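Note sheet for the following structure.
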There are 2 protein chains.
Amino acid sequence: MASSRRQPRSRPETLLRRREILDAAIDIFGSKGFTGGTLQDIADQVGMTHAGILHHFGSKDQLLLEVLAHRDETDVAHLEGKHIPDGLALFRHLVMTAFLNAQRGGIVQAYAVLSAESVTDDHPGREFFQRRYTTLRSEVSHAFRVVCTEQGVDNESNIDDAAAAILAVMDGMQVQWLLDPTAVDLGRASEFAIEAILAGILRPQPSVLIEPAHSP
Amino acid sequence: MASSRRQPRSRPETLLRRREILDAAIDIFGSKGFTGGTLQDIADQVGMTHAGILHHFGSKDQLLLEVLAHRDETDVAHLEGKHIPDGLALFRHLVMTAFLNAQRGGIVQAYAVLSAESVTDDHPGREFFQRRYTTLRSEVSHAFRVVCTEQGVDNESNIDDAAAAILAVMDGMQVQWLLDPTAVDLGRASEFAIEAILAGILRPQPSVLIEPAHSP
DNA sequence: ATTAACTTGCTTACTGGACTGTAAGTTAAA
DNA sequence: TTTAACTTACAGTCCAGTAAGCAAGTTAAT
């Protein structure tokens, strides 16, 4: 009775099938949102019934979580996975990513749509995005500190603001770009903003906004 | 037959009811999205049936459009309506708005959620947000040009990027703030980023990112 | 001033469809 | 022979929109 008698487990193609489904799900959730996109939509795209998808993933919520985890593995591998670029290299990497993103609207759209949707009540992706931003902010903050040390700058006070701002500008730019790709240059504008924020830390200047005592 | 015999039209309280409904709709669409929020949810909040709401607005899509138009009237009156602040005053206004927004999550959330959701297929709010960003970008661009002229700076090349970036950073920061209000300081971080981008236009500096020829 | 005619602002009831999830059955691989 | 990978069928909700009805208010004619 103690013998676990068999484990034929899954077939080799199953992994491929799951990946197909995940890809279709990114596509559908990106173009219709999580709430708006249906299992039927995804099933159609891979030539299956919606029950087949539930067989693999159990529930729509679970599918979303695996979609998010999957993209984190494959796509932001550069940032999350292997070795995180450090110091200036991280900022160069972010700029490169912005230019790269301008050529793959699908995944960009999925992330833009899902991250904003995740702030709604009881959204299954909320915790994922919370954690993701926390991680990314701390990585960018760390890079700022490294660069500050390298360049002998002491400007701790705004580093966390700057880190959040860099992620914010990349995300916000994507929304504008998705709404009208001809109206903004995703790569160039992101690069400009990242340089400006970086300079704001490395070469702090007196405020432009604070009312100067006007000439007497 | 030619006589237009009557026009009792609407009762005076009707305007108030409509406003109540619009407020409830902002709340519901903000917390559940447009697709996720239902007419029933909104009806419950104003003590009505969902058919009553359709009586006033005709369809869910139409309700969304009126919600967006209504908020534009009342809330961004500062920016859209009366006199648009110009030059540095516009940037000061944006910073003030960021600080103000940190104290009224509801409307902020509605706009963050709906603007991102609007990039999905056939979303009824898409055109609204497209136009809105186009307008805002050109207003911010204009302010940049005014400030450049005032300060004798000639830096046309990046003004459009900077304008898009300022809006992007404000929007992107809101998403991070909504996900975890304790993790980012919405007002302070927005202010820092706006100052940095403004400085990037007014006091252009050599790139921090471009690989410097390392010391010989 | 009264009343008749009409309109607004709803409600109830219903339609038709869509969606997630489940259960049971089928096929083919291990 | 067991199990994975499905399919078909169905259950139970839920949702936007429509139709019909009704009470209360408004207007016009008397």
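Only this structure's heavy atoms are used, side chains among them; waters, hydrogens and symmetry mates stay out. In what follows, every chain begins at residue 1, and chains take the letters A, B, ... in the order their sequences are listed. Worth saying up front: this structure is predicted, and the values here are computed from it rather than measured.
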Using residues 46-54 of chain A as the side-chain source, report each donor-acceptor pair under 3.5 Å to any protein atom, sequence neighbours left out, with the distance given to one decimal.
from	atom 1	to	atom 2	distance (Å)
A:Thr49	OG1	A:Gly52	N	3.4

Point to revise | Between C1' of C:dG9 and CD of B:Glu13, the distance in whole Å | key: 9 Å
Review point. Rounded to whole angstrom units, what separation is found between the CD atom of A:Gln62 and the P atom of C:dT22?
Key: 13 Å
Check your understanding: Taking only side-chain nitrogens and oxygens of B:His55, does any of them come within less than 4.0 Å of OP1 or OP2 of C:dT11?
Key -> no
**Study point:** Residues forming a ring pair (Phe, Tyr, Trp, His ring centres under 6.0 Å) with A:Phe91, sequence neighbours excluded
**Key:** A:Phe144
Check your understanding: For B:Ile42 and D:dC15, what is the distance between atoms CD1 and P respectively, to the nearest whole Å?
Key -> 11 Å
Review point. What pairs with A:Arg137 under salt bridge (Lys or Arg N to Asp or Glu O under 4.0 Å), at least two apart in sequence or on another chain?
Key: none
Check your understanding: Would A:Gln176 and A:Asp180 count as having a side-chain donor-acceptor pair, cut-off 3.5 Å?
Key -> no
Exercise for review: Could you note down all residue pairs passing ring pair (Phe, Tyr, Trp, His ring centres under 6.0 Å) where residues 12-45 of chain A supplies at least one of them, sequence neighbours left out?
Suggested key: A:Phe29-A:Phe34, A:Phe34-A:His123
Point to revise | Duplex segments of DNA chain D, taken as runs of at least three Watson-Crick or G-U pairs that stay under 3.5 Å | key: C:1-30 with D:1-30
Quick one: side chains of residues 183-200 of chain A, donor-acceptor pairs under 3.5 Å with protein atoms, not counting sequence neighbours, listed by atom name and distance.
from	atom 1	to	atom 2	distance (Å)
A:Asp185	OD1	A:Gly187	N	3.3
A:Asp185	OD1	A:Arg188	N	3.0
A:Arg188	NE	B:Asp161	OD1	3.4
A:Arg188	NE	B:Asp161	OD2	2.8
A:Arg188	NH2	B:Asp161	OD1	3.1
A:Ser190	OG	A:Leu186	O	2.6
A:Glu195	OE1	B:Ser207	OG	3.3
A:Glu195	OE1	B:Val208	N	3.0
A:Glu195	OE2	B:Ser207	OG	2.4

Exercise for review: Kindly state each residue pair satisfying salt bridge (Lys or Arg N to Asp or Glu O under 4.0 Å) with at least one member in residues 26-42 of chain A, sequence neighbours excluded.
Suggested key: A:Lys32-A:Asp41
Check your understanding: Listed by chain and number, what are the ring pair (Phe, Tyr, Trp, His ring centres under 6.0 Å) partners of A:Phe129, not counting sequence neighbours?
Key -> A:Tyr111
Practice item. Would you mind reporting whether A:Arg19 and A:Leu16 have side-chain heavy atoms less than 4.5 Å apart? Key: no
Review point. Atom CE of B:Met48 and atom P of C:dT12: how far apart are they, to the nearest Å?
Key: 13 Å
Exercise for review: Could you run through nucleotides 14-21 of chain C and give me one letter per nucleotide, 5' to 3': B if any protein heavy atom sits under 4.0 Å from the base, S if only the sugar-phosphate is that close, - if neither?
Suggested key: -----SBB
Check your understanding: Rounded to whole angstrom units, what separation is found between the CG atom of B:Leu16 and the P atom of C:dT8?
Key -> 18 Å
Point to revise | Residues from residues 21-32 of chain A lying under 4.0 Å of DNA chain D - heavy atoms | key: none
**Study point:** Partners passing side-chain hydrogen bond (donor to acceptor under 3.5 Å, both in side chains) against A:Ser141 (at least two apart in sequence or in another chain)
**Key:** A:Asp160
Review point. Is any side-chain N or O of A:Arg17 closer than 4.0 Å to OP1 or OP2 of D:dA4?
Key: no
Check your understanding: How close or far is atom P of D:dA16 from atom CG of B:Leu64, stated in whole angstroms?
Key -> 13 Å
Revision key, fill the gap. Residues at least two apart in sequence or cross-chain that pass salt bridge (Lys or Arg N to Asp or Glu O under 4.0 Å) with A:Lys60, listed by chain then number, are none
Practice item. Take the protein atom CZ of B:Arg18 and the nucleotide atom P of C:dG9, then report the distance between them rounded to whole Å. Key: 9 Å
